[in-house]
There are 2 protein chains.
Amino acid sequence: MDVAQETAQAQIITAVPARASRRTAERREELLQAALKVIRTVGAGASMEQMAAEAGITKPVLYRYFGDREGLIGAVAGRFAEALAERLALAVASLVEASPEQAIRAGIEAYISFIEEDPELYGFLSQHAAPDSAALVSIVDRVAKALAGLIAGRMIEAELDPRPATTFAHGIVGMVHMAGARWARQPELPREEFISYLVALASYGLANGGRPLQPEE
Amino acid sequence: MDVAQETAQAQIITAVPARASRRTAERREELLQAALKVIRTVGAGASMEQMAAEAGITKPVLYRYFGDREGLIGAVAGRFAEALAERLALAVASLVEASPEQAIRAGIEAYISFIEEDPELYGFLSQHAAPDSAALVSIVDRVAKALAGLIAGRMIEAELDPRPATTFAHGIVGMVHMAGARWARQPELPREEFISYLVALASYGLANGGRPLQPEE
DNA sequence: AGGTAATATTACCCAAAGTAACAGAAATTG
DNA sequence: CAATTTCTGTTACTTTGGGTAATATTACCT
């Protein structure tokens, strides 16, 4: 297309000042990065004005790109959820041949590590994470969906009915999320110990205290 | 002043309906009830002004009694947590002799019923329920603490190490909370089915797809 | 009755979300 | 190249809601 060519040319010209004209998506990405930076710095209280300032612009621009605060948070959450889901899938998928417990451990380990790497961002998202808010819905749904797929796969493989997979997935995400939040708040247990308890609970449930049935005795 | 006189008279009249002078704790209770009423009516967006208006007073009074918004929310959350913990303890305690699975089912059933009875309030609390917010900390800690006690008791009885009890308790609360929120949002499953999946997960874990090891086969 | 402690009100501040109106650069077109 | 439209940005405002200072009123106590 002609238009495409001319556009490309124009972009080469103004490409030097780097901050001038670009495609919308790229600009949006820049603004998102700036917002992330602010959130990581000042924490969950980050205001629209601060995020705009970090990007070197003013509020109305931000609002043009993201609609409203919910939109921005949603974009941040989406980004976060994407990365987390990917990492989870990777961690678990690399263990297709492993036992369920090993896969569960890998997933929980990945989840906890991930939020440890970005505590401010995680705190920000949790804070704006009402059950009815777009932010948490998107992040949990995203992660849980990925997880549900993994679980359903294994269940089918084991010739079990996969219908509970979605409920299981949300339950497990909530379990790790809540216990993780409490552990981050009051780390009374060493990390390894905490994680093994979580793995035990997720793998074998409460009924026998987190152990497979018929223990060594 | 005419107005003053009329006002005074009106107050003498309205003194009878119990809304005049009382001890601080009782007054606080009244204000709390008014706040609850507003929350249940208008939902999670309830403002301090609305709650004050419902109680027939103005904002500063509310602030005197509760310090700030967090304080009010904390009081509401505390009230809620108290009732919920009590109900859980009751439901589970009545089944001391029952199997773990039956006790777990009773607890989950009680939890879900409880939040179903007061969805607006639950939504309000969840909304203001950042991991670092006083509200959720108080409510989760309260409920989880009660649960941890129950779990620890059973584990000791079964001669298992009770150290994981606290982690288990937070995990289970998070599991039921998150899965419940999703189910309330999108009730694709019949209630009974949803609950039995939760019970399965909480009781026997993911490793064998929510079933005790060595099933009927 | 007169003084003091509660109890409540009015009228304000402040921060932050969100928006209307306007300004300058850049691409588009005759 | 000049005129126009479009894109990107700004200033300055409105609104809402949490929080508070100064002040008035009521109740209590001796």
Side-chain angles (χ1 to χ4, degrees), chain A residues 1-28 30-31 34-35 38-39 42-74 124 127-128 133 135, chain B residues 1 3-15 19-28 30-31 34-35 38-39 42-74 127-128 133-135:
Chain A
M1 276 191 203
D2 239 327
V3 180
Q5 258 188 356
E6 287 178 21
T7 304
Q9 207 172 27
Q11 278 186 346
I12 291 169
I13 294 170
T14 53
V16 181
R19 185 277 196 85
S21 71
R22 246 115 157 235
R23 213 147 66 277
T24 303
E26 289 181 30
R27 188 75 177 115
R28 194 179 142 104
E30 289 176 13
L31 302 187
V38 174
I39 293 168
V42 315
S47 77
M48 295 297 274
E49 187 128 15
Q50 284 175 305
M51 303 194 238
E54 174 64 37
I57 53 157
T58 52
K59 280 193 295 170
V61 181
L62 220 48
Y63 280 92
R64 247 212 294 285
Y65 278 91
F66 296 99
D68 59 0
R69 182 165 230 264
E70 278 276 299
L72 214 201
I73 294 176
F124 175 81
Q127 180 128 5
H128 298 274
S133 144
Chain B
M1 270 192 232
V3 180
Q5 256 185 357
E6 286 177 21
T7 304
Q9 208 173 23
Q11 276 189 347
I12 290 170
I13 293 170
T14 52
R19 182 274 194 96
S21 68
R22 246 118 157 231
R23 212 151 64 277
T24 302
E26 290 181 30
R27 188 77 177 115
R28 193 179 144 106
E30 290 177 13
L31 302 188
V38 174
I39 293 168
V42 315
S47 76
M48 294 299 274
E49 188 128 14
Q50 284 176 304
M51 303 195 237
E54 174 64 37
I57 51 156
T58 51
K59 281 193 295 170
V61 181
L62 220 49
Y63 281 94
R64 244 211 299 289
Y65 278 90
F66 297 99
D68 58 1
R69 182 165 230 265
E70 278 276 299
L72 213 202
I73 294 176
Q127 178 130 4
H128 298 274
S133 144

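Worth knowing before you read on, the calculation uses all heavy atoms, side chains too, and leaves out hydrogens, waters and symmetry mates. Each chain gets a letter, A, B and so on, in the order the sequences are listed, and its residues count up from 1.
For Tyr63(B), taking side-chain heavy atoms from C-beta onward, the closest of the listed nucleotides dT20(D), dG9(D), dT9(C) is dT20(D). When distances are taken from the side chain of Arg64(A) to each of dG9(D), dG18(D), dA8(C), the shortest belongs to dG9(D). Distance from the side chain of Tyr65(A) is smallest to dG9(D) among dG18(C), dA17(C), dG9(D).
Across the protein-nucleic acid pair, Asp68(B) atom CG and dC14(C) atom C1' stand 16 Å apart, rounded to whole Å. Taking atom CD of Glu49(A) as the reference point, atom P of dA12(D) lies 13 Å away to the nearest angstrom. Following rounding to the nearest Å, Gln50(A) (CD) and dA15(C) (P) show an atom-to-atom distance of 12 Å. Look at CD1 on Ile57(A): it is 12 Å from P on dT11(D), rounded to the nearest Å. Put simply, CZ on Phe66(B) is 13 Å from P on dT7(C), counting in whole angstrom units. Straight-line distance from the CD1 atom of Ile73(A) to the P atom of dA16(C): 14 Å, rounded to whole Å. Spacing between atom CE of Met51(B) and atom C1' of dG19(D) amounts to 14 Å, rounded to whole angstrom units. One can place NZ of Lys59(B) at 13 Å from P of dC13(C), the figure rounded to the nearest angstrom.
Here the CD-CD1 distance, from Glu54(B) to Ile39(B), works out to 11.0 Å after rounding to the nearest 0.5 Å. Atoms CE and OG1, from Met48(A) and Thr58(A) in turn, are 11.5 Å apart once rounded to the nearest 0.5 Å. Note that CD1 of Ile73(A) is 4.5 Å distant from CZ of Phe124(A), once rounded to the nearest 0.5 Å.
Mapping Pro60(A) and Gly45(A) onto DNA chain C by nearest heavy atom places Gly45(A) at the nucleotide closer to the 5' end.
Annotation for Gln50(B): atom CD counts as buried by contact number, over 12 foreign heavy atoms lying within 6.0 Å.
An OP1 or OP2 oxygen of dA8(C) is reached within less than 4.0 angstrom by a side-chain nitrogen or oxygen of Arg27(B). OP1 or OP2 of dT9(C) sits under 4.0 Å from a side-chain N or O of Thr58(B).
The shortest heavy-atom contact between Ala34(B) and Met51(B) is CB-O, 4.3 Å.
Using a 4.0 Å heavy-atom distance criterion, Ser47(B) is classed as a sugar-phosphate-only contact.
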